[in-house]
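Okay, so here's the structure we're looking at.
Atoms within a ligand are numbered from 1 in the order they appear, just like the ligands themselves. Note: hydrogens, waters and symmetry copies are ignored here, and every other heavy atom, side chains too, is used. What you see is a predicted model, and the numbers here were worked out from it, not measured in a lab.
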Amino acid sequence: MEKKNFWFFEPASINENIRIGLFVKKKLFSKKTPFQKIDIFDSTACGKILVIDGLIQVTQADEFIYHEMISHLPLLAHPDPKKILIIGGGDGGVLREILKHPVDEVIMVEIDEAVIDACKKIIPEISQDAFKNRRAKIVIGDGFEFLKKNSDLFDLIVVDSCDPHGPAKKLFDQKFYQNVRASLREDGIAIYQSGLAFSQEEVKRVFRINCGVFPVVEIFLAAIPSYGSGPFTFTIASKNYVPSKVNSDELQKKIGRIGLKTRYYNPYIHQASFVLPNFIKEYL
Ligand code: SAM
């Protein structure tokens with residue numbers, strides 16, 4: 001009997017005393033893979049949602065915020081990005097946004113093919129036709145192992161992984177970040193989702209380890225309602241560009257040239273997102 005009309009709660013949000021919950025009309029999919037538990041629910045407030053090991057990954061209602069910020073901000077901060085690597089990103093949202101740019105190739109390394117298959121089938125609205133794009137190359141494998149063996153050089157590496165648990169844990173290690181740096185061209189940029197601003201241990205860890213690997217490391221924020229409990233952080237690292245310093249007129253010209261249409265990202269959001277409240281600056 002299909003499970004219907006129930007509350008879904010994450011096991012814990014920033015701590016075990018706060019739990020994000022969504023009222024669900026119907027469970028659409030559920031599968032335990034060798035890597036993780038995948039669920040897809042149809043929620044009343046946020047449309048279809050992808051949940052991995054109990055944690056909300058993307059919702060139809062607000063995925064555009066996360067996917068636009070993790071894609072367009074670094075791509076527009078780079079002068080001419082052509083070769084892109086995504087690690088994780090199984091729902092296809094980052095791939096969809098990156099392909100709006102005139103890049104030559106996007107390689108996506110996703111450890112669990114079941115995530116791609118389920119999202120393509122049940123929430124195709126997220127990837128749209130990104131997986132069919134001839135510039136996209138999908139590799140099923142561990143992003144950590146891929147980078148260890150990789151000799152290619154990328155202009156941008158996007159780490160769109162789950163939070164540091166299960167198969168994603170090693171994507172938050174110094175060795176991984178060193179391999180990221182080794183796989184970037186001289187003017188390459190890396191970007192990571194680094195968790196909720198109030199989950200300071202995760203933010204500090206990503207920021208500080210990257211400060212030991214890259215000369216330029218910055219944090220920017222976005223408000224993503226389904227990631228509850230306050231602002232969400234992204235950590236961006238580069239060998240020589242300062243993404244927060246990109247001129248807004250320059251950004252506007254690039255957006256015009258590409259004909260980029262967005263619902264959240266714009267040149268002023270780009271600059272404003274790097275303005276950090278004191279409590280974050282203090283703990284970094
Ligand atoms: N936007 C979400 C967030 O911020 O939490 C992440 C979405 S995406 C669904 C996360 C993806 O990372 C999942 O599909 C998962 O299978 C993948 N993943 C986890 N560990 C990985 C690894 N070591 N290599 C490649 N992909 C990995």
Side-chain angles (χ1 to χ4, degrees), residues 10 13-14 20 29 31-41 46 48-71 85-98 107-123 126-127 130-131 137-150 157-173 175-177 179-180 183 191-197 199 202-203 206 220-229 231-235 264:
E10 287 193 328
S13 181
I14 44 167
I20 306 296
F29 177 84
K31 180 175 185 172
K32 182 94 182 72
T33 77
F35 302 101
Q36 51 212 350
K37 172 93 182 325
I38 306 167
D39 290 297
I40 298 179
F41 300 120
C46 294
K48 288 182 262 185
I49 62 174
L50 169 68
V51 172
I52 291 183
D53 287 341
L55 296 176
I56 294 171
Q57 302 293 308
V58 291
T59 82
Q60 267 187 290
D62 61 11
E63 54 89 10
F64 69 95
I65 303 171
Y66 175 96
H67 291 134
E68 286 184 16
M69 288 302 276
I70 204 171
S71 309
L85 172 66
I86 303 171
I87 291 178
D91 51 79
V94 174
L95 185 61
R96 175 196 78 213
E97 290 303 311
I98 288 177
I107 297 178
M108 180 173 138
V109 182
E110 164 57 61
I111 200 165
D112 194 347
E113 191 163 20
V115 177
I116 296 177
D117 293 346
C119 291
K120 273 202 291 198
K121 210 160 113 241
I122 301 170
I123 342 179
I126 294 182
S127 58
F131 286 115
K137 184 171 162 234
I138 312 303
V139 173
I140 301 304
D142 180 343
F144 185 89
E145 295 306 321
F146 175 89
L147 273 192
K148 233 167 59 178
K149 296 185 205 95
N150 169 61
I157 297 179
V158 181
V159 183
D160 176 27
S161 75
C162 311
D163 288 332
H165 64 82
K169 209 166 165 50
K170 56 193 145 183
L171 304 182
F172 291 77
D173 280 355
K175 190 69 203 118
F176 174 73
Y177 294 129
N179 291 339
V180 166
S183 296
I191 186 163
Y192 319 96
Q193 72 90 346
S194 42
L196 290 162
S199 298
E202 183 176 339
V203 183
V206 178
F220 64 89
L221 306 176
I224 303 168
S226 59
Y227 287 177
S229 316
F232 191 82
T233 69
F234 297 87
T235 298
Y264 186 88

### Query
Any donor-acceptor pair under 3.5 Å linking the side chain of Thr233 with the backbone of Ala197?
no
### Query
Thr59 side chain to Asp62 main-chain N or O, any donor-acceptor pair under 3.5 Å?
yes
### Summary
For ligand 1, protein residues within the heavy-atom limit of under 4.0 Å are Gln36, Leu50, Ile52, Gln57, Tyr66, Gly88, Gly89, Gly90, Asp91, Val109, Glu110, Ile111, Asp112, Val115, Gly141, Asp142, Gly143, Asp160, Ser161, Cys162, Pro167, Ala168, Leu171, Gln193, Tyr227
Report, one line per pair, each donor and acceptor closer than 3.5 Å where one atom sits in a side chain of residues 32-41; sequence neighbours left out.
unit_1, atom_1, unit_2, atom_2, d
Thr33, OG1, Phe35, N, 3.0
Thr33, OG1, Gln36, N, 3.1
Thr33, OG1, Gln36, O, 3.1
Thr33, OG1, Asp112, OD2, 2.7
Gln36, NE2, Asp112, OD2, 3.0
Lys37, NZ, Ser30, OG, 3.3
Lys37, NZ, Asp39, OD1, 3.2
Lys37, NZ, Asp39, OD2, 3.2
Asp39, OD1, Ser30, OG, 2.5

### Task
Report, as yes or no, whether the 6.0 Å neighbourhood of atom CD on Glu113 holds more than 12 heavy atoms from other residues, nucleotides or ligands.
no
### Query
Looking at Tyr66 versus Tyr264, is the centre-to-centre ring distance below 6.0 Å?
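No, they do not, as the ring centres are separated by 6.0 Å or more.
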## Note on the structure
Here the pair of heavy atoms bringing Met69 nearest to Ala222 is CG-CB, 4.2 Å
